[in-house]
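To keep things clear, I will list the structure first and then write my remarks on it.
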Amino acid sequence: MKKLVSLLLFAASAAIPGVAQVAPSVSILGDSYSTFEGYIEPESNVTWYYEPVRDDRTDLRTVDQTWWHRFVTENGYKLCVNNSYSGSTICNTGYDGADYTTFSFVTRCKNLGNPDIIFIFGATNDSWAGAPIGEYKYSDITTEDLFSFRPAMARMMRSVTERYPNVKIYFIINDGLKDEIVESINTICAHYSVPTIQLEGIDKINAHPSVKGMEQIAAQLKAAVAK
C-alpha cells in the first residue's frame, strides 16, 4: 500500500508544472574567450565578441555561437552568471606589468551568483603577458603575493571552493599556454580537488576561438563533464 501511495504521489508531482525539475545552472569566470556583448556581468566588463561584429577580428556573429551558449543549450543547463572580462589575468599583474587588480580573476571570483556548476576559463592572459609565476603558496598569502600567478591562483581556488560549497567546479585550460602555467594550474587545482579540462586543437582567428573553435570547446567540455 505504501509503495502504491508513493508511486501516485510521484506521478501527481510530475504532472504539476511547478514541481518539474529545474535545470541546473552554470556560471562562468572568464576572459575574452567567454565574452559576448550584452551577456556578461557586470555590463561594464570589457568584451571581445560583439553583435554586430565591428571588424574582422572574428567570424563569430551571434551569441549562440559562443562555447558557453552552445554548452548550456545543448546539454539542458541554464546560464546563471557570466563574469568574463577581456584581457583579464588570474593574478593582479597584467600586460607590461600593469596593475589589473580591479578586474583580475582573483578579484572577480566572488561574484558568480548561485550556480550548480562553475567553469573557470583563464590563465591565457597570464601566459601571454608573462606575469610573474611566483612560488606555490596555500596560506599566509599577502597582497603582494597576488601579483604573481601561483599564489593568486591558489587564493582564487580557495575562495571559490569555500564560497561555493557543493558546487561542481571545473578549470578549463587553453591550448598553447606556457608549460609552467599549465603545470601550475594542474598542481593547484589538484590541491583543491578541482578537475581540469585541457583543450586540444582549438581553431582560432587572431588567437581567439572561431565559430569552429567554439564548437570544439563545447564538445570537449561535454565529453569531460560526462566522465
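Predicted model, so just to flag it, every value in this text is computed and none were measured.
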Could you measure the distance from the [atom1] atom of [X] to the [atom2] atom of [Y]? Nearest 0.5 Å is fine.
X: I40; Y: N82; atom1: CD1; atom2: CG; answer: 7.0 Å
X: Y192; Y: M153; atom1: OH; atom2: CE; answer: 10.0 Å
X: S139; Y: R158; atom1: OG; atom2: CZ; answer: 7.5 Å
X: I188; Y: E183; atom1: CD1; atom2: CD; answer: 10.0 Å
X: N75; Y: I117; atom1: CG; atom2: CD1; answer: 9.0 Å
X: W68; Y: S84; atom1: CH2; atom2: OG; answer: 8.5 Å

Looking only at heavy atoms, what is the nearest atom pair of [X] and [Y], with distance?
X: I28; Y: L79; value: CD1-CD1, 4.0 Å
X: S25; Y: P115; value: OG-CA, 3.2 Å
X: T35; Y: T66; value: O-CG2, 4.4 Å
X: P24; Y: G76; value: CD-O, 3.9 Å
X: Q65; Y: D59; value: OE1-O, 4.4 Å
X: W48; Y: R57; value: O-NH1, 2.9 Å

Side-chain donor/acceptor of [X] to backbone N/O of [Y], under 3.5 Å:
X: T187; Y: S184; result: no
X: D175; Y: I202; result: yes
X: R155; Y: I141; result: yes
X: S127; Y: K178; result: yes
X: T93; Y: G97; result: no
X: K212; Y: E215; result: no
X: T142; Y: D145; result: yes

Practice task
Output, in order, the C-alpha distance, side-chain angles, deciding distance and verdict of side-chain contact (heavy atoms from CB on, under 4.5 Å) for I118 and I120.
Solution key: CA-CA 6 Å; I118 293 173; I120 303 174; 4.0 Å; yes
With the threshold set at 4.0 Å, does a side-chain nitrogen-carboxylate oxygen contact exist between [X] and [Y]?
X: D126; Y: R150; result: no
X: R70; Y: D64; result: no
X: E74; Y: K222; result: no

Practice task
Kindly determine whether V26 and K78 satisfy side-chain contact (heavy atoms from CB on, under 4.5 Å), including the steps that lead there.
Solution key: CA-CA 6 Å; V26 174; K78 65 178 181 179; over 6 Å; no
Does any donor atom in the side chain of [X] or [Y] lie under 3.5 Å from an acceptor atom in the other side chain?
X: Y85; Y: D31; value: no
X: N186; Y: T196; value: yes
X: H208; Y: T58; value: no

Residue pair [X] / [Y], side-chain heavy-atom distance below 4.5 Å:
X: T47; Y: S86; result: no
X: F171; Y: Q198; result: no
X: V211; Y: Q216; result: no
X: I197; Y: L221; result: yes
X: M157; Y: Y138; result: no
X: F149; Y: T89; result: no
X: I133; Y: E180; result: yes
X: M214; Y: L60; result: yes

More than 12 heavy atoms of other residues, nucleotides or ligands under 6.0 Å from [atom1] of [X]: yes or no?
X: N206; atom1: CG; value: yes
X: Y39; atom1: OH; value: no
X: E43; atom1: CD; value: no

Hey, quick one: are [X] and [Y] part of the same hydrophobic cluster, counting side-chain heavy atoms closer than 4.5 Å, chains of contacts allowed?
X: V46; Y: V81; answer: no
X: I172; Y: I185; answer: no
X: I217; Y: F36; answer: yes
X: I90; Y: Y33; answer: no
X: I173; Y: Y170; answer: no

Practice task
Show your reasoning for whether side-chain contact (heavy atoms from CB on, under 4.5 Å) applies to D116 and K168.
Solution key: CA-CA 6 Å; D116 299 295; K168 190 64 179 178; over 6 Å; no
Check: residues 100-112 side-chain donor-acceptor pairs under 3.5 Å, at least two apart:
unit_1 : atom_1 : unit_2 : atom_2 : d
Y100   : OH     : Y95    : N      : 3.4
T101   : OG1    : D99    : OD1    : 2.5
S104   : OG     : N92    : OD1    : 2.6
S104   : OG     : T107   : N      : 3.4
S104   : OG     : T107   : OG1    : 3.1
T107   : OG1    : T101   : O      : 2.5
R108   : NE     : F103   : O      : 2.8
R108   : NH1    : N83    : O      : 2.6
R108   : NH1    : N83    : OD1    : 3.1
R108   : NH2    : G30    : O      : 3.1
R108   : NH2    : S88    : OG     : 2.9

Exercise for the section: Please name all residues satisfying ring pair (Phe, Tyr, Trp, His ring centres under 6.0 Å) with Y49, sequence neighbours left out, ordered by chain then number. Expected result: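 Y49 satisfies ring pair (Phe, Tyr, Trp, His ring centres under 6.0 Å) with no residue once adjacent residues are dropped.
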Practice task
Please check if the distance between the ring centroids of F121 and W67 is under 6.0 Å.
Solution key: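 Centroid distance F121-W67: below 6.0 Å, so yes.
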Practice task
Begin with the C-alpha distance, continue with both residues' side-chain angles, and end with the deciding distance and a verdict on side-chain contact (heavy atoms from CB on, under 4.5 Å) for V194 and T161.
Solution key: CA-CA 9 Å; V194 171; T161 53; 3.9 Å; yes
Exercise for the section: Kindly determine whether F71 and F119 satisfy ring pair (Phe, Tyr, Trp, His ring centres under 6.0 Å), including the steps that lead there. Expected result: CA-CA 11 Å; F71 179 84; F119 287 117; 5.2 Å; yes
